Amino acid sequence: MYISIFISIFIFWIVIEKIVINKLNIKKKKFLFQHVNKIHTWLEALLFILTLSMMFVNEYYFFIGITAIFCFRIVIEWKFEKESKTYILSILNASICLLLLIMFKLFFVEKIILTIVISHYTSSIQNVKQLI
């Protein structure tokens with residue numbers, strides 16, 4: 001069920017991105033992303049390294065870090081390339097990352113609660129069997 005939700009979010013993301021690109025006449029970059037200037041390149045690389053290193057501390061930090069990278073990208077693109085409107089795509093990408101963070105958090109919280117309930121239920125059954 002969760003995989004189908006993630007796949008549907010991914011498909012929704014692609015469709016919305018295509019619609020936004022066509023409606024607002026945004027020119028797609030040649031590669032995945034082009035940096036505005038050298039400072040943007042270095043700061044985004046630093047944020048990416050921090051994201052990867054913090055991912056080993058807590059799995060939620062990956063989505064938070066990627067969202068922070070997109071937010072940084074939004075500010076830089078809005079400040080230096082406002083006429084290209086690429087910051088709108090970065091807003092869309094940051095929103096999708098936040099949605100995935102929420103879905104990821106709900107998935108694992110629900111799984112942990114279910115594990116606790118099941119372990120409590122099985123221990124209760126064992127206690128009843130011992131009494132009988």
Side-chain angles (χ1 to χ4, degrees):
M1 179 176 133
Y2 295 108
I3 293 174
S4 62
I5 292 172
F6 284 113
I7 290 172
S8 62
I9 289 173
F10 185 72
I11 292 170
F12 174 74
W13 182 10
I14 292 171
V15 169
I16 292 296
E17 187 175 59
K18 295 291 181 188
I19 291 171
V20 168
I21 288 171
N22 290 335
K23 288 283 186 184
L24 299 176
N25 296 325
I26 299 173
K27 293 182 182 176
K28 284 287 278 187
K29 303 286 183 173
K30 295 175 188 172
F31 192 59
L32 290 175
F33 181 74
Q34 288 179 319
H35 294 93
V36 175
N37 53 29
K38 293 286 183 189
I39 295 172
H40 183 206
T41 304
W42 285 103
L43 287 176
E44 195 166 296
L46 178 67
L47 279 172
F48 187 72
I49 290 168
L50 286 172
T51 298
L52 288 179
S53 62
M54 292 302 290
M55 183 175 69
F56 296 109
V57 175
N58 190 340
E59 60 272 358
Y60 301 121
Y61 288 149
F62 177 73
F63 292 110
I64 294 170
I66 296 296
T67 305
I69 289 171
F70 280 123
C71 290
F72 175 70
R73 193 177 285 178
I74 290 166
V75 171
I76 294 293
E77 288 174 345
W78 180 75
K79 179 84 173 157
F80 294 106
E81 291 185 341
K82 191 180 284 189
E83 65 279 348
S84 70
K85 299 182 213 172
T86 54
Y87 65 92
I88 296 171
L89 292 178
S90 295
I91 291 171
L92 175 68
N93 292 335
S95 302
I96 294 296
C97 281
L98 281 174
L99 181 64
L100 288 175
L101 172 66
I102 292 167
M103 294 299 297
F104 191 71
K105 184 123 175 120
L106 288 175
F107 171 72
F108 281 109
V109 167
E110 183 179 296
K111 189 175 180 181
I112 290 169
I113 290 172
L114 187 62
T115 304
I116 292 170
V117 168
I118 289 173
S119 66
H120 179 72
Y121 179 72
T122 55
S123 66
S124 297
I125 290 175
Q126 290 173 356
N127 289 340
V128 168
K129 284 182 180 179
Q130 289 175 356
L131 289 174
I132 295 177

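All residue numbers refer to positions in the sequence shown, counting from 1. The figures that follow rest on heavy atoms only: side chains count, while hydrogens, waters and symmetry mates do not. It should be emphasised that the depicted structure is a prediction, and the values quoted were computed from it without experimental measurement.
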Please report the interatomic distance [atom1]([X]) to [atom2]([Y]), rounded to the nearest 0.5 Å.
{"X": "Met54", "Y": "Leu47", "atom1": "CE", "atom2": "CG", "result": "12.5 Å"}
{"X": "Leu98", "Y": "Ile64", "atom1": "CG", "atom2": "CD1", "result": "9.0 Å"}
{"X": "Tyr87", "Y": "Ile26", "atom1": "OH", "atom2": "CD1", "result": "8.5 Å"}
{"X": "Ser90", "Y": "Arg73", "atom1": "OG", "atom2": "CZ", "result": "5.5 Å"}
{"X": "Ile96", "Y": "Ile14", "atom1": "CD1", "atom2": "CD1", "result": "10.5 Å"}
{"X": "Glu44", "Y": "Thr51", "atom1": "CD", "atom2": "OG1", "result": "10.0 Å"}

Verify the cluster assignment for [X] and [Y]: are they in a single hydrophobic cluster under the rule of side-chain heavy atoms below 4.5 Å apart?
{"X": "Leu24", "Y": "Ile21", "answer": "yes"}
{"X": "Leu46", "Y": "Phe48", "answer": "no"}
{"X": "Leu89", "Y": "Phe12", "answer": "yes"}
{"X": "Leu52", "Y": "Ile66", "answer": "yes"}
{"X": "Phe70", "Y": "Leu99", "answer": "yes"}

Side-chain touch Leu92/Trp13, heavy atoms, less than 4.5 angstrom: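 Yes, close enough: below the 4.5 Å cut-off.
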
So which heavy atom on [X] is nearest to which on [Y], and how close?
{"X": "Asn93", "Y": "Glu17", "answer": "OD1-OE2, 3.9 Å"}
{"X": "Thr86", "Y": "Glu81", "answer": "OG1-OE1, 4.0 Å"}
{"X": "Ala94", "Y": "Ile74", "answer": "CB-CD1, 4.1 Å"}

CH2/Trp78: more than 12 non-hydrogen atoms of other groups inside 6.0 Å: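 For Trp78, atom CH2 is not crowded (no more than 12 foreign heavy atoms under 6.0 Å).
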
Partners passing ring-ring contact (aromatic ring centres under 6.0 Å, His included) against Phe72 (at least two apart in sequence or in another chain):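 Listed in chain order: His40.
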
